[in-house]
There are 2 protein chains.
Amino acid sequence: MTTEQNATRRGRLPMHLEISEMLAREIKAGVILDGEKLEPERVMAKRLGIAVGTLRKALAQLHENGLLERVQGSGNYVRNTGTDNTIYGYFRLELLTGGGLPSATIVSVDAITDTDTVRFSEQGDYYRIRRLRHLNGTGAALEEIWLDAAYVTTPITPQHLSDSLYQFYKSELGIWISRVEDSISADQPPDWRPADFCPAAKPCWGYVERTGWDQHGRQMEFSKTWFDTDTTRYLARWK
Amino acid sequence: MTTEQNATRRGRLPMHLEISEMLAREIKAGVILDGEKLEPERVMAKRLGIAVGTLRKALAQLHENGLLERVQGSGNYVRNTGTDNTIYGYFRLELLTGGGLPSATIVSVDAITDTDTVRFSEQGDYYRIRRLRHLNGTGAALEEIWLDAAYVTTPITPQHLSDSLYQFYKSELGIWISRVEDSISADQPPDWRPADFCPAAKPCWGYVERTGWDQHGRQMEFSKTWFDTDTTRYLARWK
DNA sequence: TTGATGAATTGATATACAATTGATTATAGT
DNA sequence: ACTATAATCAATTGTATATCAATTCATCAA
């Protein structure tokens, strides 16, 4: 017995469950990409400051959940094919310090019929959703999403909007994103920015325009995102 | 046993998988055309610095995926049906109007030994290359590339710098980029910006930091790019 | 035109060593 | 009973090297 074991861990989950949940979060969030190989168990255990046996319990848990493939003599390989938000593994906002758990609060939801801001719906009816996006609880970005109203047959609830919209689309409406294009530039923040949101932010923000197409090649989404470059960056990866 | 084998390959995929993924990317991207014949296995293995058996594992993998036809006594032939539908992402600078033929002029090439700007070389020796990048002839971005001098065994010529460095590395030195990460933010342009380069540009530019790793997982490149948001945007495309 | 020959190339297999995970056992704390 | 640590050994894979078999292809001669 070396260090703490259980003395200082009162009220917390067992170590192996904490580890497996941490890794599961990273896999689902796309921090660890599909196909990626983890460090050797002994190296990883040493880095985490735990015994190999404990780590192996955590990895076995991930294997049961289908998130990890364990190959004797080779290594542990991440399997993340089932989730629909694999895009986040490649393009996403994250903290300058790395990572960050995303959350969002809704500013407004409006049905807009005639507009020149966007033009991809056939009927010309849109939903415009404005959200404040946070990473680890701190304000990171302002977001304005435009949806083709013809798609939205089920009423949108705040619950849907604070979660992943893509998840909602796939499970409720049977459509999913098959292609995404992001255009990144710099701009001033929009006028609907709350005064208390990133008060120290510079007048120059990062600006992302995202266009999303569904599996039939129809444009289904257009969004604008202004992010505070003092705390947040846009990350693009290519494996 | 030759050199490193697995010592420096922690967390990286097995070599034969790295090789097959690299070749698969080149086939899908059209770098290697349909029907093209690969080098003899022994030649190719020697150029890549691996054993024939390892290369053969990689080629067998490609054959399983239907990307390669292997004819005993003749050679390995690429089969690119174009029906492949795997995830593919990429990112680049392009004009606001779309596209743009890239070109570059060199501002300076310096050998720098002690610096705190970057830190990824073991010896601490770098080449710093500063370029002006143009799209369709108009100024688009300023670029500062840092290379590990330990890699550069062959003298760099201006030809290499205006062409793709990646191509040079792969064919001449047997190393290639297997992973890239871009971090996009906003910033002021650097002080070495020529006065006549984008004179109308705003004081706030788009700013990209790129990190590139080779097939061994060693960082081999770091670059900074400032782009003029009046003319240029950073584009990220997925699938 | 035909057939034989030999070089070049890939196919297949075996060996040796290293690296990695799988599994078991023992010990101790809560 | 559950959790955590530690120390084993076994089983599998990864890589390098070597050797031989099978196939293709070009060349040459009849």
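First the proteins, then the strands, lettered A, B, ... as listed; each starts at 1.
- B:Glu69 has its CD atom 14 Å from the C1' atom of D:dT23, to the nearest Å.
- For B:Lys57, the side-chain atoms get nearest to D:dG14 when compared with the rest of D:dA4, D:dG14, D:dA16.
- Rounded to an integer number of Å, the gap from B:His16 NE2 to C:dA19 C1' is 14 Å.
- Residue B:Lys46 places its NZ atom among 12 or fewer non-hydrogen atoms of other residues, nucleotides or ligands, all under 6.0 Å distant.
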Identify the pairs formed between an N or O of the protein and an N or O of nucleotides 9-13 of chain C at a distance under 3.5 Å, and give each distance.
| residue | atom | partner | partner atom | Å |
| --- | --- | --- | --- | --- |
| C:dT9 | O2 | B:Gly73 | N | 3.4 |
| C:dT10 | OP2 | B:Glu41 | N | 3.0 |
| C:dT10 | O4' | B:Gly73 | N | 3.2 |
| C:dG11 | OP2 | B:Glu41 | OE2 | 3.3 |
| C:dG11 | OP2 | B:Arg56 | NH1 | 2.9 |
| C:dG11 | OP2 | B:Arg70 | NE | 3.3 |
| C:dG11 | OP2 | B:Arg70 | NH2 | 2.6 |
| C:dG11 | O4' | B:Gln72 | NE2 | 2.8 |

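- Ring pair B:Phe91/B:Tyr234 is parallel by interplanar angle, where below 30° counts as parallel and above 60° as perpendicular.
- We find that CG of A:Leu17 is positioned 13 Å from P of D:dC2, with the value rounded to whole Å.
- Within 6.0 Å of CZ in B:Phe120 there are more than 12 heavy atoms belonging to other residues, nucleotides or ligands.
- With hydrogens and angles disregarded, a donor-acceptor distance shorter than 3.5 Å links the side chain of A:His63 to the backbone of A:Leu68.
- Between A:Gln61 atom CD and D:dC2 atom C1' the separation is 15 Å, expressed in whole Å.
- The nearest whole Å value for the distance from the CD1 atom in A:Ile19 to the C1' atom in D:dT3 is 14 Å.
- The number of heavy-atom neighbours closer than 6.0 Å to CZ of B:Arg119, taken from other residues, nucleotides and ligands shown, is 12 or below.
- The distance from atom NZ of A:Lys46 to atom P of D:dA7 is 12 Å, rounded to the nearest whole Å.
- One can place CG of B:Leu13 at 16 Å from C1' of D:dT15, the figure rounded to the nearest angstrom.
- The CD-P distance, from B:Glu18 to D:dG14, rounds to 13 Å in whole Å.
- For the side-chain hydrogen bond (donor to acceptor under 3.5 Å, both in side chains) condition, the pairs that include at least one residue of residues 140-151 of chain B, sequence neighbours left out, are B:Ser121-B:Asp148, B:Arg130-B:Glu144, B:Arg131-B:Glu143, B:Arg133-B:Glu143, B:Glu144-B:Trp146, B:Glu144-B:Trp192, B:Tyr151-B:Asp214, B:Tyr151-B:Arg218.
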